[in-house]
Amino acid sequence: MEGKWNELTELLVKEVSFETVTEVEGFLKYLDKAENDINTAEPISVDPETLRTQLRDHNAFHEDLTQRKNTLKELIAKGRAHLHETANTKTEEIESRWDSIENQADLLSHHSADRQRQLESALPLALQLNENLSEVEAWLEEMEAELKAQNQGGDSLEEAKKQHDNLKTTQQIIDDHKLFIDDLNSTGMDLMDVCGVVEAGDLHNKLLALNTRYETLRSHTRARGRELAEKKRKLTQEFVEGLDQLLEDIDNLKRVVSSADPVPAVPAKLRNEIDENMSVIQDLERMKPALLKAEEGIKDLMSHGIDDPGEVEDVRSRVAEITQLYGNVGASATQRDKLLRQVLHDATQYFDLTTDVLSSLRDLKDSLLSQQLPGVDTATIREQQSELAGIKTELEKAKELIGDCRKYADDVGRNCGEPGRIELQKQLEDLTQLADDVNDLVRERGDELRKVFRHADHFSHLLEAAGSWLPLSEHKMASMRPPASDIRELTEQIEEIKLFKSQVHPHIVEMQQLNQQLDSLKDQSPVAAEALYRPVLAANEKWNDLLRSIADRETKLNDMLVKIGKLDYSMEDVMSTLEQLQADIKSQRNNNGDPKYLETILRKLQLMQSDLHNQEKTVRRLTKAVDDLAHKTDIDEYHQLSEKRQVMVSMLRTTKALAKDAENEVQDKMRQIKRFLGEVDRNLQAINDFRHELKNNLPFGALPETCEHQYNAFTVRCQELDGRERSVQTQVATAQHMTASARPEDVAQVTDKIKRLRDRWQDTRERAIKRKIKMEENKKNVHDFHDSLKAFTDWLNTTEVSMRAFVYPSKLVDRILKQIEEHNAVRADLAAQSERMAILDKSGTFLKHFGRKQDTIFVKNLLVGIRLRWKKILRRTDERGRLLQQAFKEDKRFQDAWQDLCRWLDDSTASLSSFLSPNKQPNLMKTDLEELKKFQTQLATRNATFFATTRLGRSLKDRCTKTDPERKC
């Protein structure tokens with residue numbers, strides 16, 4: 001009954017498996033069509049409307065592909081579950097075919113997901129780029145028209161001043177737009193990375209033309225500014241006014257140097273910064289003659305003399321201030337130029353080396369991905385291993401160069417700004433990630449080649465051995481004489497065939513292993529393994545012919561024994577054979593191992609059953625022969641033969657039952673081990689899927705909502721992985737128990753799969769933990785950035801409102817001192833906020849480089865707006881500080897001169913009152929007259945001070961508006 005049940009189970013499973021195979025094969029047409037659709041898909045466009053259509057179509061395609069892939073996996077999982085319930089030795093071939101189809105579906109789904117991510121990233125980039133391109137082009141046209149209009153003007157000093165002031169405003173607007181140009185270039189480069197080659201070329205040309213127009217606009221503005229500055233200096237007649245203009249021009253250059261962007265790390269940006277800094281140095285060189293002229297002018301004033309010493313001191317202090325400021329700006333610009341050139345030297349070496357290493361690693365990765373399937377002969381595999389060793393050597397060289405890249409990056413990072421360091425960090429991480437990917441591919445390829453080499457080497461040895469002993473056995477079998485009629489000679493022939501069978505039958509292990517090794521090689525390289533079919537098929541045919549020849553020989557010899565009447569001897573021979581079969585069958589029980597080993601045991605049992613079937617035929621003939629002797633011999637001899645016949649028949653039944661029990665037992669073990677390995681495969685598949693997701697290393701979300709969603713989804717995946725821990729540990733423990741009671745070579749499949757499961761489990765857990773830590777850090781950084789951004793934006797709004805409430809510098813010392821005190825408080829607040837701005841800029845730059853493209857567009861826009869507003873506040877603060885200091889000096893000089901003059905007038909009034917009552921004594925009148933003459937001399941010397949003070953006060957008064965209450969003061 002158990003045997004019938006197993007037969008029915010096998011038939012049912014075979015039927016269900018056949019249906020599953022048919023359904024799975026039906027998916028191949030769809031997979032081939034889907035693969036062709038992806039390979040022939042249109043390149044990613046840069047037009048937003050076209051991109052929307054591409055994304056909508058591909059989303060529908062990807063959703064359909066995902067549904068069909070899941071259906072396929074469910075179907076295959078169901079089919080595998082059925083196959084694990086059968087002891088059929090052909091299940092591995094079916095499972096190998098299903099593995100190939102699953103891998104094809106997974107690879108296709110991966111490519112489809114990659115294209116979907118690229119389209120999702122490209123759409124917001126294209127929208128942003130399209131909008132910004134239109135705005136920047138319109139702005140460029142407006143600026144070009146405005147500059148063209150500003151080129152027309154008169155030659156008077158007032159017109160030159162007005163044009164210069166307008167040009168400075170225009171130049172500031174142009175400089176402020178550099179942030180937008182840089183953002184546009186960054187967006188364009190990101191879009192070019194994902195779009196098609198033709199579209200990327202067109203976009204590159206557009207950006208190049210736009211940058212050329214912008215640089216031309218900047219250079220034209222600077223040249224025009226130098227012309228107007230030189231024109232103003234030539235038209236300025238008053239020496240003091242020329243000093244004010246020179247001071248203002250140098251102060252503008254100081255602001256350019258002090259507010260320069262942090263030192264970048266990219267050679268192209270460094271060259272632009274060097275050009276910017278060189279323009280400052282060149283402007284300083286152009287101002288040097290004016291500075292020398294100012295120094296000569298103060299010497300001329302000193303040599304010719306001047307009525308007001310205070311004015312001389314004021315001019316001298318201005319010239320000293322200009323000289324000091326000129327020296328400081330020159331030193332800062334020279335120092336920055338030296339720093340930029342040093343960083344450019346290091347950055348050029350770094351980027352050249354990084355580009356070479358990146359190109360080398362990509363070539364290695366492409367080479368590994370395009371490797372042919374492993375060979376099926378040891379010579380070919382050795383060549384492939386030698387090629388892999390060369391790739392591994394190149395990888396080791398690349399890893400050493402990555403170490404050099406890190407050293408260069410450290411050198412660049414020490415001198416560049418925080419954005420540059422973050423960019424270097426991103427590049428090094430990408431480089432390391434690529435090197436890790438190549439290293440994983442090398443390790444997987446090496447494991448694959450070593451595994452196939454073991455199979456190929458074992459296969460070649462088995463085939464070579466079969467080619468040695470099979471012909472000898474065939475020759476020996478062919479050389480045996482026909483069954484003799486002489487009992488002595490016949491007995492010798494029976495012993496001869498028994499000995500020959502005992503020598504041939506053990507070779508079934510080698511023949512089974514030969515076929516198993518061929519199946520393993522066929523799984524690895526189906527096409528190359530076709531060349532091995534013919535020799536194996538020939539060996540199998542010879543082996544089967546040899547087994548049939550032995551069975552036929554035994555049958556003929558036993559028939560001859562019956563024919564010559566040696567029934568007793570023949571039955572003894574049969575019982576001896578059955579006894580040996582029972583011993584052999586018992587030796588095959590209680591054996592544990594993997595499916596391949598159990599297949600070998602099953603094949604041995606099937607051979608024994610075939611031998612048993614031949615013995616059963618002999619028993620039937622002997623039974624008939626004994627029955628035929630019932631009336632031809634005496635009763636005693638018949639009874640003896642009949643009793644022996646009964647013993648023989650009983651032994652036959654016992655042996656058949658024993659053989660069937662042994663076969664059922666092995667089949668049960670086969671099902672159990674297949675079921676166990678199927679569970680291991682399911683865990684391994686789930687772990688590999690998660691590991692593949694981790695290796696993709698998708699960028700993190702840069703917005704609070706996206707990073708939260710991403711983190712929550714990843715947490716769910718980690719929980720699913722943790723939920724498999726108990727199952728994995730149980731399977732590892734079960735496998736250890738299995739392998740402990742068997743020889744290592746008998747459980748090789750179990751050992752290999754459990755080792756792969758344990759290694760992948762450990763590696764995937766470590767990767768998941770690292771990824772989760774990074775995601776937690778990213779989530780914290782994202783929330784901190786956006787919270788800080790909101791707080792800083794509120795501060796900017798408040799500060800901008802307060803700055804709009806600023807009034808012009810007062811003309812009174814006590815009031816301007818209060819204004820200076822308030823301004824110093826604003827500067828202190830700016831100094832306190834500068835650290836927050838630096839942290840915000842660092843965090844935003846980090847998110848911009850490491851975040852998802854869809855999110856980083858929003859982050860970049862926020863950063864550009866914040867940086868521009870911050871720079872404007874700094875610029876307005878510096879400008880107001882300069883105006884306040886300049887006004888304070890003028891107010892202070894006027895107040896000091898006015899107070900000194902008032903004190904002298906008060907003292908002089910008291911002295912004059914003594915002359916109003918003349919003394920009658922002549923000698924005293926003479927003294928008063930002399931004192932009065934001295935006072936008249938002093939009064940004459942005070943005229944210059946009086947007029948200078950009056951002129952300075954009138955100048956301050958004239959700069960007040962008519963409604964200004966300080967005008968009356």
Side-chain angles (χ1 to χ4, degrees), residues 77 80-81 83-89 91-92 95-96 99 440 443-444 446-448 450-455 458 509 512-513 516-517 519-520 523-524 586-605 662 664-692 694 718-769:
R80 280 203 174 100
L83 291 180
H84 295 156
E85 297 298 327
T86 178
N88 195 323
T89 57
T91 57
E92 287 195 7
E95 287 197 72
S96 175
D99 286 338
D440 290 343
R443 184 175 63 252
E444 291 171 2
D447 293 342
E448 182 184 39
R450 281 190 293 273
K451 180 180 177 181
V452 177
F453 183 86
R454 287 197 300 270
H455 291 307
H458 195 191
V509 176
Q512 180 64 19
Q513 290 178 351
Q516 288 175 349
Q517 296 303 325
D519 290 339
S520 298
D523 291 342
Q524 297 291 332
K586 289 177 181 179
S587 67
Q588 301 304 317
R589 304 185 72 170
N590 300 322
N591 286 324
N592 296 314
D594 58 26
K596 289 186 180 297
Y597 175 71
L598 293 177
E599 284 176 10
T600 303
I601 298 297
L602 199 59
R603 188 68 66 185
K604 285 183 181 180
L605 290 172
N664 291 335
E665 182 181 329
V666 173
Q667 287 180 345
D668 288 340
K669 289 182 179 180
M670 179 85 78
R671 294 187 189 95
Q672 291 175 8
I673 192 65
K674 282 187 174 182
R675 196 178 300 119
F676 170 75
L677 291 179
E679 294 173 358
V680 172
D681 285 337
R682 281 193 289 273
N683 271 338
L684 196 56
Q685 180 65 39
I687 293 171
N688 282 336
D689 290 343
F690 189 40
R691 183 172 181 267
H692 183 71
L694 293 172
C718 288
Q719 290 172 353
E720 293 175 358
L721 181 69
D722 293 338
R724 294 185 178 272
E725 181 175 8
R726 186 173 181 179
S727 174
V728 170
Q729 291 176 349
T730 302
Q731 290 171 358
V732 171
T734 304
Q736 289 175 346
H737 178 71
M738 288 181 182
T739 55
S741 59
R743 296 182 303 172
E745 60 270 20
D746 296 341
V747 288
Q749 274 184 298
V750 177
T751 304
D752 290 345
K753 283 200 175 182
I754 288 299
K755 182 179 182 300
R756 195 180 316 125
L757 176 66
R758 187 170 51 240
D759 293 345
R760 286 294 169 86
W761 167 258
Q762 188 66 29
D763 179 68
T764 305
R765 282 206 57 159
E766 291 175 357
R767 288 174 184 262
I769 291 172

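FYI, the numbering just counts along the sequence from 1. These numbers come from a predicted model, not from an experiment.
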Separation of [Y] [atom2] from [X] [atom1] (nearest 0.5 Å):
X: Glu599; Y: Met670; atom1: CD; atom2: CE; answer: 4.5 Å
X: Ile673; Y: Asp668; atom1: CD1; atom2: CG; answer: 13.0 Å
X: Tyr597; Y: Gln749; atom1: OH; atom2: CD; answer: 13.5 Å
X: Asp752; Y: Lys451; atom1: CG; atom2: NZ; answer: 6.5 Å
X: Gln731; Y: Arg758; atom1: CD; atom2: CZ; answer: 12.0 Å
X: Asp447; Y: Arg756; atom1: CG; atom2: CZ; answer: 9.0 Å

Could you tell me whether a side-chain N or O of Thr764 sits under 3.5 Å from a main-chain N or O of Trp761, the two making a donor and an acceptor? no
Counting only N and O atoms by type, is there a donor-acceptor contact under 3.5 Å from the side chain of Gln517 to the main-chain atoms of His458? no
Using the side-chain contact (heavy atoms from CB on, under 4.5 Å) criterion, which residues pair with Ala768? Sequence neighbours excluded. Phe690, Leu694, Phe714, Cys718, Leu721
Which pair of non-hydrogen atoms, one from Ile687 and one from Arg760, has the smallest distance, and what is that distance? CG2-O, 3.7 Å
Do you know the tightest heavy-atom contact between Ala742 and Val747? CB-CG1, 3.7 Å
Hey, are Arg443 and Asp440 close enough for a salt bridge, meaning a charged N less than 4.0 Å from a carboxylate O? yes
Salt-bridged, Glu720 to Arg724, with N to O below 4.0 Å? no
Is there a side-chain contact between [X] and [Y] in this structure, where contact means two heavy atoms from C-beta onward sitting under 4.5 Å apart?
X: Val509; Y: Arg603; result: no
X: Gln588; Y: Val666; result: no
X: Asn592; Y: Asp746; result: no
X: Ile601; Y: Lys669; result: no
X: Gln667; Y: Asn664; result: yes

Quick one: do the Asp681 and Gln685 side chains pair a donor with an acceptor below 3.5 Å? no
Taking atom types as modelled, is there a side-chain donor on Gln762 or Glu766 under 3.5 Å from an acceptor on the other? yes
What do the steps show when you test Lys753 against Asp594 for side chain to side chain contact (heavy atoms under 4.5 Å, CB included), and what is the final call? CA-CA 11 Å; Lys753 283 200 175 182; Asp594 58 26; over 6 Å; no
Tell me, please, which residues at least two apart from Arg454 pass side-chain hydrogen bond (donor to acceptor under 3.5 Å, both in side chains). none
Before you tell me yes or no, could you show the steps for Val680 and Ile754 under side chain to side chain contact (heavy atoms under 4.5 Å, CB included), namely the whole-Å CA-CA distance, both residues' side-chain angles and the distance that decides it to 0.1 Å? CA-CA 8 Å; Val680 172; Ile754 288 299; 4.1 Å; yes
Run the side chain to side chain contact (heavy atoms under 4.5 Å, CB included) test on Leu598 and Leu602 for me, step by step, so that the C-alpha distance in whole Å, both residues' side-chain angles and the decisive distance to 0.1 Å come before the verdict. CA-CA 6 Å; Leu598 293 177; Leu602 199 59; over 6 Å; no
